[in-house]
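Below, chains carry the letters A, B, ... as their sequence lines are ordered, and counting in each starts from 1.
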Protein chains: 2
Amino acid sequence: MSAPAQPGSPPAGLRKGATRHDHIVEDIRSFIVDGRWPPGFQLPVETDLAERYGVSRMTMNKALGQLAREGFLVRRKKSGTQVAQPRAESAVVAIADIRDEVRRSGRAHRFHLLARRARPGREEDALLLGDAPGSREVLWLQGLHLADDHPFCFETRLINPDAAEGAKEQDFADLAPGAWLLGAVPWSVASHRVRAVNATAAEAKLLELEVGEACLEIVRRTQAAGDWVTGVRLLYPGSEHQLVANFGPDAGGGPSRG
Amino acid sequence: MSAPAQPGSPPAGLRKGATRHDHIVEDIRSFIVDGRWPPGFQLPVETDLAERYGVSRMTMNKALGQLAREGFLVRRKKSGTQVAQPRAESAVVAIADIRDEVRRSGRAHRFHLLARRARPGREEDALLLGDAPGSREVLWLQGLHLADDHPFCFETRLINPDAAEGAKEQDFADLAPGAWLLGAVPWSVASHRVRAVNATAAEAKLLELEVGEACLEIVRRTQAAGDWVTGVRLLYPGSEHQLVANFGPDAGGGPSRG
DNA sequence: TAGTGGTCTAGACCACTCC
DNA sequence: GAGTGGTCTAGACCACTAG
């Protein structure tokens with residue numbers, strides 16, 4: 001551990017569009033990522049750093065707080081601020097929206113409804129919803145997402161008509177239920193589960209795969225105002241689809257508070 | 001859209017441990033998630049809200065800024081703050097650390113080295129690394145992660161000896177290279193890719209699966225100080241493994257700045 | 001008990017953007 | 001031009017905790 005370089009020398013030309021605390025965050029992060037400030041390195045106290053950077057303590061606090069939230073720093077009262085130990089190899093990946101994903105790849109998205117049924121809830125619905133929906137009526141759908149008219153994703157969905165006003169009147173012939181629900185249900189929270197499964201014969205035929213080919217299965221359960229809204233299973237050909245993430249250390253963050 | 005309830009009435013008993021802006025965030029978020037403030041709803045201006053909540057404008061700004069980062073609010077100068085339109089069905093999923101994951105399920109984690117080789121880089125290494133490593137020497141490893149002595153994850157890894165000091169001297173006989181690298185390389189950033197693949201004959205044998213069974217494949221590429229450090233392919237039995245997330249609307253956030 | 005971060009305030013200036 | 005959010009400041013008090 002050689003003597004680390006000193007921060008704070010005002011970089012003469014501030015980059016455009018960056019706030020002061022943004023600049024400080026990037027400056028200190030570069031010290032850490034470059035290894036000049038190794039894990040465990042003790043930073044000067046907030047007031048000192050604020051003086052060196054020529055900002056108020058609150059601005060400095062904002063910058064250090066952000067770096068702590070990102071996982072680069074550990075801050076404790078009395079003992080001060082240290083560079084964090086690199087953590088477990090964890091990360092987060094993003095699950096994109098189907099339409100966006102198709103369109104971003106330069107292809108045209110289309111939804112094709114395969115089946116639509118209004119029926120009483122069953123016990124097996126718990127596979128999609130987590131809990132059994134009871135005996136009240138549910139809306140059950142199956143459909144295929146197409147990219148340039150090629151199979152992209154096979155969708156199986158349950159909708160709670162009580163939570164999604166107008167669902168019973170929607171035929172979803174060409175409108176993806178996910179897109180419709182977006183406008184019909186104000187705000188919701190969802191949980192996700194990602195697995196790998198082998199395509200069944202029926203699924204393989206729909207997705208134009210060989211039977212047994214590996215597929216990525218995403219199950220999303222959506223709730224709003226305390227009631228379930230929808231549960232959906234999305235099946236992607238494993239060869240075609242992948243989840244991607246480009247992230248630093250943090251594997252948390254996000255609005256997990258709700 | 002009925003007249004929304006009014007915020008700001010101080011909730012008599014402040015919850016313990018919550019800061020003022022935390023309380024405001026949760027209060028407003030509940031208005032949005034409950035549907036009392038529908039998408040597009042125009043919020044009072046910052047100064048008004050600050051007065052109603054009995055806080056300074058900066059505290060109010062902190063709360064509203066957080067809600068905007070989380071995706072619940074959209075803020076524009078002059079036109080003010082509105083409840084955001086629910087966005088595309090996107091989300092984030094967490095990739096956990098292997099040891100943590102095994103231990104959290106109450107089982108014992110063990111790593112068993114299957115192969116270890118120091119050799120010049122090849123073109124095919126680009127599959128793991130993204131770029132070809134050139135002709136410099138790389139360290140190539142294969143091993144099995146066990147949970148209570150049952151196969152849990154099959155790992156194939158390349159290590160850059162120049163970036164990970166001491167790697168050549170490590171035999172990794174029982175030490176998972178990921179864990180070792182954590183302590184050997186100060187800080188790094190990684191990119192991830194998740195796919196579904198069919199197990200090959202060799203993989204199936206190692207993981208005690210049938211040939212062709214669907215597996216979750218995670219490829220992680222790690223860099224530090226501008227050079228690649230390691231590239232790893234983790235193969236999980238699809239039946240056993242799943243990625244899980246419980247998240248709200250936000251699919252971004254995180255330290256994507258780096 | 002003293003040092004540190006965590007938070008809050010009142011006021012200020014600026015930048016953007018809609019009218 | 002005026003209204004709004006974005007940011008910053010100087011100072012203050014508090015909570016936690018290591019010594």
Side-chain angles (χ1 to χ4, degrees), chain A residues 7-8 10-11 13-29 32 37 40-84 253 257, chain B residues 7-8 10-11 14-29 32 37 40-84 252-253 257:
Chain A
L14 279 176
R15 280 178 305 86
K16 242 182 80 178
T19 64
R20 298 196 199 188
H21 77 264
D22 273 345
H23 170 257
I24 296 173
V25 164
E26 292 178 26
D27 194 45
I28 293 183
R29 185 162 38 207
I32 297 171
W37 284 5
F41 175 72
Q42 182 84 35
L43 273 71
V45 296
E46 221 173 60
T47 46
D48 277 11
L49 282 170
E51 197 178 344
R52 296 192 201 182
Y53 276 105
V55 299
S56 72
R57 195 194 142 211
M58 227 202 158
T59 302
M60 199 65 222
N61 180 279
K62 197 171 179 179
L64 294 175
Q66 181 174 333
L67 286 164
R69 279 194 305 276
E70 291 179 8
F72 288 105
L73 295 179
V74 172
R75 315 196 73 192
R76 272 190 303 272
K77 302 177 186 195
K78 178 72 177 177
S79 50
T81 303
Q82 297 186 345
V83 174
R257 245 179 246 280
Chain B
L14 279 176
R15 279 175 306 83
K16 242 182 82 179
T19 64
R20 298 197 200 187
H21 77 263
D22 272 345
H23 170 257
I24 296 173
V25 164
E26 293 178 25
D27 194 46
I28 294 182
R29 185 163 38 206
I32 297 170
W37 284 4
F41 175 72
Q42 182 83 36
L43 273 72
V45 296
E46 222 174 57
T47 47
D48 277 10
L49 283 171
E51 197 177 347
R52 295 193 201 182
Y53 277 104
V55 298
S56 72
R57 195 195 142 209
M58 228 203 158
T59 301
M60 199 65 222
N61 180 277
K62 197 172 178 178
L64 294 176
Q66 181 174 333
L67 286 164
R69 279 194 305 275
E70 291 180 7
F72 288 105
L73 296 178
V74 172
R75 314 195 75 191
R76 272 190 304 272
K77 300 177 188 197
K78 177 71 178 179
S79 45
T81 303
Q82 297 186 345
V83 175
R257 246 180 244 280

Answer yes or no: does a side-chain N or O of A/H21 lie under 4.0 Å from OP1 or OP2 of D/dC8? yes
Heavy-atom nearest nucleotide on DNA chain D for A/R76 versus B/L64: which residue maps closer to 5'? B/L64
Starting from C1' on C/dC18, measure out to CD on B/Q82 and report it in whole angstrom. 13 Å
With sugar-phosphate meaning primed atoms plus P, OP1 and OP2, does B/T47 contact a base, only sugar-phosphate, or nothing at under 4.0 Å between heavy atoms? nothing
B/K62 atom NZ is separated from C/dC8 atom P, nearest whole Å, by 6 Å
Do B/I28 and B/L64 make a side-chain contact, defined as non-hydrogen atoms from C-beta onward lying under 4.5 Å apart? yes
Given D/dC8, D/dG3, D/dA18, identify the nucleotide with an atom nearest to the side chain of A/T59. D/dC8
From C/dA2, C/dC16, C/dC8, pick the nucleotide closest to the side chain of A/K78? C/dA2
Quick one: do A/Y53 and A/D27 satisfy side-chain contact (heavy atoms from CB on, under 4.5 Å)? Show the steps, please. CA-CA 10 Å; A/Y53 276 105; A/D27 194 45; 2.5 Å; yes
Would you say B/R75 places a side-chain N or O within less than 4.0 Å of OP1 or OP2 belonging to D/dG6? yes
Please determine, for the side chain of A/K77, which listed nucleotide (C/dT9, C/dG5, D/dT7) has the closest atom? C/dG5
Separation of D/dA10 atom P from A/E46 atom CD, nearest Å, is 15 Å
Can you measure B/M60 atom CE to D/dG6 atom C1' for me and round it to whole angstrom units? 15 Å
Rounded to whole Å, how long is the line connecting atom CE of A/M58 with atom C1' of C/dG6? 9 Å
Check whether any side-chain heavy atom of A/E46 sits under 4.5 Å from a side-chain heavy atom of A/T81, and report yes or no. no
State the pairing partner of D/dG19; accept Watson-Crick or G-U wobble contacts with both distances under 3.5 Å, and report none otherwise. none
So does B/R76 get a backbone contact from the side chain of B/Q82, meaning a donor-acceptor N/O pair under 3.5 Å? no
Distance from B/I32 atom CD1 to B/L43 atom CG, nearest 0.5 Å? 6.5 Å
Any side-chain N or O of A/S79 below 4.0 angstrom from OP1/OP2 of C/dG3? no
Of all the choices, D/dG6, D/dT9, C/dC18, which nucleotide is nearest to the side chain of B/N61 once you look at every atom? D/dG6
Within less than 4.0 Å of OP1 or OP2 of D/dA10, is there a side-chain N or O belonging to A/R57? no
Could you check how far CD of A/Q66 sits from C1' of D/dT7, rounded to whole Å? 14 Å
For atom NE2 of B/H23 and atom P of C/dG6, their distance in whole Å: 22 Å
